[in-house]
Structures are given as C-alpha cells and as structure tokens.
Amino acid sequence: MSRNLALPKPLSIFSRITSSTKIQTLTLQPLKDDDLNIHNNIFNTTFNHEHFYTSLLDRSTCRRHLNQIHSQITLTGFQFNGFIITKFIHVASNLGEILYARQVFDEFPEPYVFLWNAIIRGYSKQNKFSEGIAMYNRMQNTGVGPDCFTLPHVLKACGGAAAFEVGRAVHGQIFRRGFEGDGFVQNGLVAAYAKCGRIDNARSVFDGLGDRTVVSWTSIISAYAQNGEPIEALRIFKKMRSCGLQPDWITLVSVISAYADVEDVGQGKSSHSCVIKMGLESEPDLRIALITLYAKCGNVMIAKSLFDETETCNVIMWNTMISGFAKNGCCNEAIILFEQMLLRNLKPDSVTVCSTILACAQLGSLEEARKMGDYIDKSEYKHDVFVNSALIDMYAKCGSVELARKVFDQTKTKDIVVWSSMIVGYGLHGKAREAINLFDSMKQAGVGPNDVTFIGLLTACNHAGLVEDGWRIFNSMKDYNIEPRHQHYACVVDLLGRAGCLDRAYDFIKKMPIDPGVSVWGALLSASRIYRHVALGEYSAQHLFLLDPYNTGHYVQLSNLYASVRMWSGVARVRVLMKEKGLAKDMGCSMIEINGKLHVFRMGDMSHPRSDEIFKEHKRLDTRLKEAGLVADTESALHDLSYEDKEESICNHSERLAIVYGLMSTPAGSILRVTKNLRACVNCHAAIKLISRIENREIVVRDANRFHHFKNGECSCGDYW
DNA sequence: TTAGGGTTAG
C-alpha cells in the first residue's frame with residue numbers, strides 16, 4: 001500500500017497498546033493530556049497505529065498537543081509513515097502551525113504526492129499563496145506529478161495571489177495530464193480565473209463544463225459578483241434556478257452580495273426570506289452578507305438589529321457593522337462600536353482598524369483622529385500598509401496634512417496606495433506644488449502611478465488654479481497607459497471651468513470618448529454659476545436632472561445661478577421642480593470639537609445650552625467685522641427676504657456660529673477646526689478671513705469639497721474654490 | 001485529504 005511507505009516494525013513498547021474500540025470512543029471527547037500518555041494504557045498487539053495517531057491528531061487543539069504527538073511519533077519510529085505524517089501536516093496547518101507543518105514535511109525523506117498535497121493545501125488555507133505556488137513548483141522539480149487533489153489547492157493559491165500566468169500554466173498541465181474532466185479541478189479553475197479578474201477565461205471554462213453542480217454555478221456567479229458585474233451574476237443565478245437547481249448557503253452569500261452591489265433592497269429582502277425558509281438564518285456568514293446588504297442600501301438600523309441579534313459575532317461581523325455605520329455617515333456609532341470591541345477584549349484585525357480609521361476620516365475630528373493614530377502607534381498594525389494609507393487619508397481629511405506626511409514618512413514599504421493617498425491629501429488642501437513634487441519622487445522610487453494618483457494631482461491643480469499644469473498632467477495619463485475615468489474628465493472640466501474657460505470646457509466635453517456623467521455636468525454647472533453663464537448652466541442642469549434627478553445640490557446650483565443674475569422667475573421654476581420631486585434644500589450644518597465633545601450647529605441654531613452667550617458674542621464679533629470693512633453680498637439666492645433679513649440669515653450660517661463658539665471656548669491663539677457639510681458661502685468665506693486677522697487665530701474649515709486654512713486675513717485656497 | 005462565499009485603504 002502506497003500510504004504505508006516506510007512503515008517500520010512496531011517497537012517493543014507497542015506490544016501493550018489500547019484496543020481500537022477504545023480509541024473509537026475516545027474520538028468523541030476532546031484530547032486530554034492523559035490520552036497522550038500511551039505508556040499507561042497499552043495491552044493489545046492488534047493495535048492500528050495509523051488509526052491511533054489519526055485519532056489523537058483529530059482531537060488536537062493546540063501546538064502543545066502537536067509537540068507531544070510528534071515526539072511520540074518519533075519515539076515510536078513512525079516519523080517516516082506517510083499516512084501519519086500527511087495527517088500531521090494537515091492538522092498542524094489547520095491549527096495555523098504552518099511553519100511546524102513545513103518543518104515536519106522537510107524532515108520526510110522523499111515526499112510523495114499525498115504529502116505535497118497536504119503542505120500545498122496548508123499554505124493555501126493559511127493564505128500563504130506564493131509559498132503554496134513555490135511548493136507546487138518544487139514538487140514538480142523533484143519529479144512528482146500532481147494528482148486531482150493537488151490541482152484545486154494550487155489553483156486556490158493562484159487565485160489568492162492573483163497569479164494569472166501561473167494559473168494559465170497550471171491550466172495547461174491540467175490538459176496535458178488529462179484532468180480536464182475533473183469537476184473539482186474545473187471549478188477551481190473558474191474560481192482562480194475569477195480572482196485574477198479574468199472573467200472571460202472563467203466563463204469559457206464554465207461554458208465547457210459538462211456536469212454543472214451547485215458549486216460550479218456558485219463559482220461563476222461569484223466570479224461575476226466579484227468582478228463588478230452583479231447584474232450578470234444575478235442573471236446567471238436565475239438561469240441556475242430555471243435548470244431546477246436549489247442554491248445552497250454559499251450561493252446565497254454571493255447572490256445577496258450582488259443585490260447589495262446593485263442596491264436592490266427589495267430583491268435582497270426576498271433572498272433574506274429564502275434564507276429564513278431554508279433555516280439558514282443563524283449561519284454567521286449569511287448574516288454578514290445580509291448586514292452588508294442592509295447597510296449598503298441605507299437601512300443601517302435593520303443591519304444593526306441583525307448584528308444585535310447575533311449571540312457571538314466574529315471579527316468579520318464586527319468589521320461589517322463598523323464599516324456599515326461609517327458608510328452611512330454614522331461615524332460616531334462606528335467609533336463607539338470599535339471601542340465596545342476593545343472593552344470586550346475582542347481582538348480587532350487590520351480590517352477593523354481600517355474601517356474605524358475611515359469613520360474618523362469622515363467625522364473630520366482631528367482629536368478623534370489623533371486618538372486612533374495613538375492606538376495604531378502602539379498596536380501591531382503600525383507597519384501595515386493598508387492601515388498606513390488609511391491613516392494618511394484620515395489625517396489629511398481631518399485637516400492635518402502635516403500629520404499625514406509624518407505617517408507617510410514613517411511608512412517603510414510605500415506602495416502605490418500610500419503614495420496616492422498622500423498626493424490626494426495634498427490635493428485636498430490645494431497644495432499643488434507638494435503634490436507634483438511627490439509625484440516626481442514617486443516615479444524616482446520606481447512606483448508607477450495609477451488612476452487615483454491622477455485624481456489627486458488633478459484635484460490639486462484644480463484647487464490651486466494651475467490650469468496648464470493640470471492640462472499637461474491629464475494628457476500625460478496616456479503615457480502610463482491609464483484610461484481616464486469619469487472623475488478625471490470631471491476634474492478637467494472643473495479645472496477649465498473654474499478658471500473661466502467655459503467654452504474650452506464645453507468643447508472638451510463634446511470630444512469626450514465616453515458619455516459624460518453626473519460629475520462632468522456637475523462641474524460645468526458649477527462653473528456656469530461662478531461665471532453667471534445662464535445658457536450653459538441650464539444645459540448642464542438638463543442633463544443632471546435626467547441623470548441624477550433626486551440630488552438636491554443640482555437644483556440649488558441652478559437656482560443660485562438664476563439668483564445671481566436676478567432671474568427670479570427661474571428661481572421660482574426651480575423651486576416648483578424641487579417641490580414636485582419632494583426635495584428640500586439640504587440644511588447647512590457645521591461641527592466643532594471642544595474638549596473632546598462635538599458641538600453641532602445649524603443656521604440660526606438656538607438649541608445650544610450656551611446659545612445666549614453665543615449670540616451675544618456673535619453680535620459683538622459682527623460689529624467688529626463691519627468696523628473692519630466687511631460688507632455682506634446679499635445678491636445671492638435669498639431674493640424674497642428684506643435686506644436686513646438677508647443679512648441676518650447669512651450671518652447666522654452654521655459655520656459662523658461654530659466659529660464664535662470656538663473662539664469663546666478655547667485659549668487665545670489656538671487653532672479652530674470646523675467641519676461643514678456644504679460648501680462655504682462667499683460671505684462666510686470673506687468673514688472668516690477677517691476673523692482670522694482680527695482675532696489672531698488660525699481657522700481650518702473643511703467644507704464639502706476641500707480644506708480652507710484661514711490665517712492673517714488670507715485663505716489657503718486663494719479665494720479659489 | 002480535494003472545489004464555491006462574506007468584511008478593509010486612495
């Protein structure tokens with residue numbers, strides 16, 4: 001028998017060994033130290049060693065068990081028994097002891113295919129894909145050919161490492177060795193190609209399958225779902241059903257995730273009922289898919305109740321809920337959940353901290369960001385590339401490009417995402433020179449740019465008004481074989497439009513090789529509003545109302561454009577349109593953090609406990625501003641108010657209240673940081689510049705679009721936003 | 001011993 005290779009004669013000690021029946025009963029119980037002490041309970045000479053060691057290994061739960069079993073194996077001379085050692089490698093790698101498994105593998109003189117399968121499987125299971133592939137190559141170099149069990153494991157490794165070329169080579173071997181009819185191998189190929197993003201290759205393997213099982217269907221459905229084609233995934237799912245096949249729980253995970261991607265909460269809900277009908281609602285991984293679905297569709301409370309109902313949540317479930325909160329703007333809830341995790345002594349993984357960092361970035365509070373930064377600094381994730389790029393993004397979005405740069409400088413292995421995050425960070429703050437210089441250093445470091453790098457560069461040029469640099473950068477994209485996407489075109493339109501080159505912007509749109517989307521028309525409308533170009537503004541708005549009819553922002557922009565040229569009838573028309581669609585203007589809202597507590601203000605907000613003092617101080621400041629020469633521009637949108645009313649409602653804008661409260665509650669000379677949900681208005685921008693001078697304060701405002709650093713009466717945006 | 005899924009950064 002091949003698996004009994006090198007089986008030595010039993011040593012004398014084995015003349016007194018437990019009976020097989022006794023071992024059968026033992027397998028039902030967890031391993032105890034006594035079970036390992038085989039010297040004490042040995043009688044029977046018909047003992048089956050393989051059975052005995054398999055039983056012990058099956059019940060092992062830790063490295064200590066493995067150590068003891070391994071020394072027994074060696075002591076009894078079974079270290080060359082292929083069957084026992086294969087089992088050992090299998091169990092050790094399942095327990096995460098892949099290095100130990102490898103050590104035992106290396107001690108085996110001439111491993112045959114079962115042992116190779118076990119070690120390759122071990123590496124694949126532990127996500128050590130390149131090691132798995134390396135072992136596969138070594139196996140072949142030693143003259144051992146793969147069998148139908150080797151191939152699915154090595155294909156999994158190819159998928160995990162996104163090693164398309166290796167996968168294709170394996171595919172060739174499958175043909176040459178005649179495994180092309182094996183269902184397991186074929187499904188493995190579909191999955192491997194899908195994970196490499198080669199959906200066409202995956203599809204052609206699937207199309208060639210004679211016998212399609214639920215696993216085959218699930219493989220191709222998830223292939224489309226993972227590659228950004230959820231609609232095709234769902235179409236294939238329908239086809240599978242029409243062939244009379246019932247989905248199992250893994251199929252449903254992929255289907256629900258496709259519904260989440262297309263944000264079809266209705267169909268998602270019917271899958272949820274299907275899950276309940278099939279009695280699968282307590283399956284943790286299906287819960288994760290459902291929580292993602294509800295969170296992505298904006299039903300964050302349903303997601304939370306599913307989360308709360310779950311007795312023992314695993315890390316991924318916590319991650320799903322934290323990122324679900326963050327994506328729905330519930331940043332505080334996300335951070336609180338992270339803190340709860342720590343309080344319960346649950347160990348966050350790198351995904352958990354990335355999701356929480358994202359929540360901090362969205363919240364915009366530098367204080368909260370610093371806390372997170374300190375936590376990471378003391379954690380094992382200090383050198384994680386994902387975490388570092390998230391931190392760079394967070395600090396930049398929380399107003400401190402300096403802290404972002406500090407993390408950037410401390411990041412040892414800088415991948416493209418780390419470089420791009422920093423470039424995008426500079427872009428956000430209008431630091432175009434720094435962004436372009438960093439781009440040069442990046443190229444010198446041998447890192448090639450990607451599409452996001454260019455978004456950062458173009459945004460930087462936009463905010464700094466560097467039209468020609470931006471134009472040159474956009475045109476250089478083709479040198480790097482990067483196809484511009486909607487956002488890049490929108491950046492260029494914005495760049496040209498803001499600089500007043502409206503005709504050039506419009507020409508540019510006409511020549512675009514792809515259909516202009518919301519962002520492109522939005523940029524043109526915004527430029528038309530700045531330069532009061534009614535015809536172009538109306539034209540852009542027409543497109544926007546078709547493409548994105550429920551976005552309040554477009555209506556407000558058009559209305560402001562009409563108001564700026566005193567076309568009150570136009571303003572009224574837009575109002576009617578909004579009413580018909582059931583839309584209301586977004587309420588401006590600003591936040592400031594004082595001593596770790598967030599204070600939120602809306603326009604004319606009287607709800608703050610210190611409201612009286614705030615308004616008194618506001619009035620005093622207003623008088624000083626007027627004395628310093630500030631005149632409100634009352635010509636925008638508020639045409640149906642009297643001059644005084646207009647002036648009052650402008651002065652009561654939320655950011656002004658937040659700043660007044662900040663001035664009252666912080667020591668002289670300290671920096672104020674305010675976050676606003678909409679874009680800063682012209683009046684407030686002018687007022688804040690003046691406040692920074694007369695109060696001698698640096699004020700950092702994050703609006704919906706970018707950062708403004710106000711200092712000594714000037715703003716970093718150079719009045720260009 | 002073997003295949004399919006779910007959470008994360010710009």
Side-chain angles (χ1 to χ4, degrees), chain A residues 3 83 86-87 89-91 93-94 113-118 120-122 124-125 147-156 159 182-192 194-195 213-223 225-226 247-258 260 283-293 295 314-324 326-327 348-358 361 384-394 396-397 415-425 427-428 450-456:
Chain A
R3 69 182 194 187
F83 182 78
T86 302
K87 181 73 187 179
I89 295 169
H90 188 93
V91 171
S93 52
N94 277 356
V113 71
F114 274 38
L115 273 115
W116 284 105
N117 289 352
I120 295 170
R121 171 193 170 279
S124 286
K125 278 237 150 146
D147 66 6
C148 59
F149 292 95
T150 325
L151 295 160
H153 298 311
V154 73
L155 286 169
K156 185 177 172 145
D182 186 296
F184 283 78
V185 173
Q186 299 287 25
N187 294 336
L189 267 173
V190 174
K195 289 238 160 70
T213 62
V214 184
V215 177
S216 323
W217 285 98
T218 308
S219 302
I220 194 70
I221 290 168
S222 61
Q226 284 164 14
D248 67 7
W249 70 274
I250 298 184
T251 321
L252 287 171
V253 168
S254 287
V255 168
I256 292 169
S257 110
E283 180 59 59
D285 300 342
L286 266 171
R287 280 202 168 214
I288 291 167
L290 285 167
I291 291 172
T292 311
L293 166 83
N314 60 23
V315 186
I316 299 181
M317 210 174 279
W318 283 87
N319 295 352
T320 310
M321 200 58 240
I322 290 173
S323 71
K327 281 177 187 154
D349 66 6
S350 70
V351 178
T352 324
V353 297
C354 280
S355 307
T356 313
I357 293 170
L358 179 76
D384 184 299
V385 192
F386 264 63
V387 170
N388 278 315
S389 47
L391 279 178
I392 293 169
D393 174 61
M394 172 189 80
K397 287 198 175 134
D415 71 353
I416 178 60
V417 181
V418 171
W419 286 97
S420 297
S421 305
M422 194 62 233
I423 291 175
V424 169
L428 208 58
N450 66 9
D451 55 333
V452 181
T453 323
F454 281 97
I455 300 271

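Model, not experiment: these values are computed from the prediction. Lettering of chains follows the sequences in order, A, B, ..., and the numbering in each one begins at 1.
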Interatomic distance, [X] [atom1] vs [N] [atom2] [rounded to whole Å]:
X: L189(A); N: dG4(B); atom1: CG; atom2: C1'; result: 13 Å
X: E283(A); N: dG4(B); atom1: CD; atom2: C1'; result: 14 Å
X: L252(A); N: dG4(B); atom1: CG; atom2: C1'; result: 13 Å

Any side-chain donor-acceptor pair under 3.5 Å between [X] and [Y]?
X: T292(A); Y: T320(A); value: no
X: S257(A); Y: S254(A); value: no
X: R121(A); Y: N94(A); value: yes
X: T352(A); Y: N319(A); value: yes

Nucleotide N/O to protein N/O under 3.5 Å, stretch nucleotides 6-10 of chain B:
| residue | atom | partner | partner atom | Å |
| --- | --- | --- | --- | --- |
| dG6(B) | N2 | D285(A) | OD1 | 2.6 |
| dT7(B) | O2 | N319(A) | ND2 | 2.7 |
| dT8(B) | OP1 | K327(A) | NZ | 2.2 |
| dA9(B) | N3 | S389(A) | OG | 3.3 |
| dG10(B) | OP1 | D393(A) | OD2 | 2.9 |
| dG10(B) | N2 | N450(A) | OD1 | 3.3 |
| dG10(B) | N2 | N450(A) | ND2 | 2.1 |

Answer with base, sugar-phosphate or nothing: what part of the nucleic acid does [X] contact at a heavy-atom distance below 4.0 Å?
X: W249(A); answer: base
X: V190(A); answer: nothing
X: N388(A); answer: nothing

Next on the checklist: Consider side chain to side chain contact (heavy atoms under 4.5 Å, CB included). Of I357(A), V418(A), V387(A), which one does I392(A) pass it with?
Outcome noted: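 Exactly one option meets the side chain to side chain contact (heavy atoms under 4.5 Å, CB included) with I392(A), and it is V418(A).
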Next on the checklist: Base of dG4(B), side chain of T218(A) - is there a donor-acceptor contact under 3.5 Å?
Outcome noted: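 Result: at least one qualifying N/O pair found.
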Checklist entry - For the residue pair D147(A) and F114(A), what are the closest heavy atoms and their distance? => result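 Heavy-atom minimum between the residues: OD2-CE1, 4.4 Å.
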Item to check | Ring-base stacking, F184(A) with dT2(B) (5.5 Å, 30° cut-offs) | outcome: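 According to the criterion (under 5.5 Å, under 30°), yes, F184(A) stacks.
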